[in-house]
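A quick write-up on the structure given underneath.
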Protein chains: 2
Amino acid sequence: MYSFTEENYLKTIFYLSIGTQEGVSTNALADSTNTRAASVSDMLKRLAEKGLINYQKYRGVTLTEEGERLALLVIRKHRLWEVFLAEKLQFGWDEVHVIAEELEHIRSERLIEKLDAFLGYPKFDPHGDPIPNAAGEMPRFIYRKLSEIVEGTTVIMTGVSEHSPAFLQHLDKAGLTLGCQLKVNEISDFDKSVSVLIDNVRTLFVSHEVAKNLLVK
Amino acid sequence: MYSFTEENYLKTIFYLSIGTQEGVSTNALADSTNTRAASVSDMLKRLAEKGLINYQKYRGVTLTEEGERLALLVIRKHRLWEVFLAEKLQFGWDEVHVIAEELEHIRSERLIEKLDAFLGYPKFDPHGDPIPNAAGEMPRFIYRKLSEIVEGTTVIMTGVSEHSPAFLQHLDKAGLTLGCQLKVNEISDFDKSVSVLIDNVRTLFVSHEVAKNLLVK
DNA sequence: TAATTTTTTTAGATTAGTCTAAATTTTTTA
DNA sequence: TAAAAAATTTAGACTAATCTAAAAAAATTA
Ligand SMILES: [Mn+2]
Ligand SMILES: [Mn+2]
Ligand SMILES: [Mn+2]
Ligand SMILES: [Mn+2]
């Protein structure tokens, strides 16, 4: 049985490892976990001891197979709880993350399997992120950013790469929700903002900053 | 914000205080929390410091108004989660307690209010125990034990005073569920076991040990 | 490549919550 | 009511997780 803290480190290492072969640095971990590098060094020793990470001093860390499996099980729980909060309790997608941050550490396999069934075996969380299965396996979808779509193309909004409440609330106000159809009319030469036609009914100007964080297919 | 441990102590003091004016003893707390008396003494000092208990060395403890309010809020969360687990996730009443023991510490007022609404504002948990309101107030019902009911009387099963999985599973096997009608036919002179007519359809012999732990009205 | 800067680790403390063993207080018993 | 027993508290230690400051290693720069 691992502590909340250990589970959070594993999850953080997992996220920081995405899209890179190199090990995750001590400083990056300290940033993400809101601790100091010294504390991270300490914890890395313990996680290595337990066989959850590959760690050589000064070289950064990667997850072992077991470490990755555990990280994905925590992510599974996090995302399933987010679905529960959004779909059953009517929380906004900007509110679910902080609560799931606590719920993800509840230790009961039966609970999570029953929750999964209760929710109808969802494949994605409220932000469009895929939900790992009970074995700790997760499909990897590769989506493009709206900012990379060429003029004239029509796409579907499938996710976000920024999860802050502020960003998500901004999307709410703009009426941008998962699954909506976006036709890229024009990309401004001046500020790279994107003019999109939403669900064939209305036109919206999306800043480059926002477009960069919208995932589409 | 109080720690899981502090919340558990408050809850335990609350339960051990039921039906007595005297303070709860250090040893009783050590028993209930699976710790040693020395650890309890330490914790009592800290809880007194924070104004949650009335404590004088060697004299036992009682909850302050604030301590009791907090204890009841934890109990509220515990019981609401138990209802969720039993009604929505189909857990047996013998399984919900251990899981609720973890869920009761999730800190989000909005979460618990929304959960309450989702569950339809239940008044009782799966064991027949009343659910405190958001202000930390709980109605106190006084039920009798089946073992105290005189022959010929008909009652309704409203709760249990023993919550162990073994006992609850025993009731399941016997077909004794909350709300069933029990007519006391005869109480044995030999072993005080009770012969009851259940829902007017079948007769069952209930040991004194079981009858003592069945609450009826 | 040698000096400087940055990153990381080690050393030494701190806090919450726990423990055992010893001391103290209260309660019970004779 | 004094001795014995039981209950409780104190003393001193331990672990997990954290910190700051200092030392060491790696990376960058001149
Ligand atoms: Mn999240
Ligand atoms: Mn977490
Ligand atoms: Mn319970
Ligand atoms: Mn608890």
Side-chain angles (χ1 to χ4, degrees), chain A residues 1-14 16-17 20-63 67 70-71 74 101-102 104-107, chain B residues 1-14 16-17 20-63 67 70-71 74 101-102 104-107:
Chain A
M1 222 71 327
Y2 299 99
S3 69
F4 286 21
T5 312
E6 288 171 320
E7 290 189 345
N8 283 337
Y9 269 89
L10 293 177
K11 211 179 53 152
T12 306
I13 295 167
F14 179 87
L16 292 175
S17 298
T20 152
Q21 307 301 347
E22 285 155 57
V24 174
S25 76
T26 302
N27 268 346
L29 276 165
D31 272 2
S32 297
T33 56
N34 291 305
T35 59
R36 301 320 179 96
S39 312
V40 173
S41 274
D42 254 9
M43 179 56 88
L44 294 183
K45 266 181 248 164
R46 275 177 274 150
L47 292 175
E49 196 79 26
K50 299 186 181 184
L52 302 175
I53 60 171
N54 305 114
Y55 173 53
Q56 302 167 71
K57 290 202 294 188
Y58 296 101
R59 297 268 93 124
V61 290
T62 56
L63 293 172
L70 289 171
V74 176
E101 222 25 72
E102 294 192 45
E104 71 187 2
H105 301 290
I106 302 291
R107 302 165 204 295
Chain B
M1 224 67 329
Y2 299 99
S3 70
F4 287 22
T5 312
E6 289 171 319
E7 291 189 343
N8 283 337
Y9 269 89
L10 293 177
K11 210 179 52 154
T12 306
I13 296 167
F14 179 87
L16 293 175
S17 298
T20 151
Q21 308 301 347
E22 284 155 57
V24 174
S25 77
T26 302
N27 269 346
L29 277 166
D31 271 3
S32 297
T33 57
N34 290 306
T35 59
R36 300 321 179 97
S39 312
V40 172
S41 274
D42 254 8
M43 178 57 88
L44 294 183
K45 265 182 249 166
R46 273 177 273 150
L47 293 175
E49 196 78 28
K50 298 186 182 186
L52 302 175
I53 59 171
N54 305 113
Y55 174 53
Q56 302 167 74
K57 290 202 295 188
Y58 297 101
R59 298 267 93 123
V61 290
T62 56
L63 293 173
L70 290 171
V74 176
E101 221 27 72
E102 294 193 44
E104 72 186 4
H105 301 291
I106 302 291
R107 300 165 205 296

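Side-chain atoms are counted along with the backbone in the values below, which use heavy atoms only and exclude waters and symmetry mates. Reminder, nothing fancy here: chain letters follow the sequence lines and each chain counts from 1.
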Nearest heavy-atom approach of E102(A) to H105(B) is OE1-O, 4.1 Å
Check whether any side-chain N or O of R46(B) sits under 4.0 Å from OP1 or OP2 of dA16(C), and answer yes or no.
no
Nearest-angstrom distance from the residue atom CD of E22(A) to C1' of dA27(D):
13 Å
Send over the distance from F4(A) CZ to dT18(D) P, rounded to a whole Å.
13 Å
Nearest whole Å is fine: how far is dA17(D) P from N34(A) CG?
17 Å
Considering Watson-Crick and G-U wobble pairs with both distances under 3.5 Å, what does dT10(D) pair with?
dA21(C)
Within this structure, what is the NZ-CG distance for the pair K57(A) and L44(A), rounded to the nearest 0.5 Å?
12.5 Å
Nearest whole Å is fine: how far is dC19(D) P from M43(A) CE?
11 Å
d(CD, E49(A); P, dA16(D)) in whole Å:
11 Å
For a side chain to side chain donor-acceptor pair (under 3.5 Å) with E6(B), tell me which candidate from R46(B), K11(B), K50(B) qualifies.
K50(B)
Within the structure, does a side-chain N or O atom of Y2(A) lie under 4.0 Å from either OP1 or OP2 of dA16(D)?
no
What one-letter contact string describes nucleotides 3-11 of chain D from 5' to 3', where B marks a base within less than 4.0 Å of any protein heavy atom, S marks contact via sugar-phosphate atoms alone, and - marks no contact?
----SBBB-
Distance col, row L10(B):CG vs M43(B):CE, nearest 0.5 angstrom, shows 9.0 Å
Rounding to an integer number of Å, can you tell me how far E7(A) CD sits from dA16(D) P?
16 Å
Rounded to whole Å, CG of L29(A) lies from C1' of dT18(D) at a distance of 15 Å
May I ask you to verify if any side-chain N or O of R36(B) is less than 4.0 angstrom from the OP1 or OP2 atom of dT20(C)?
yes
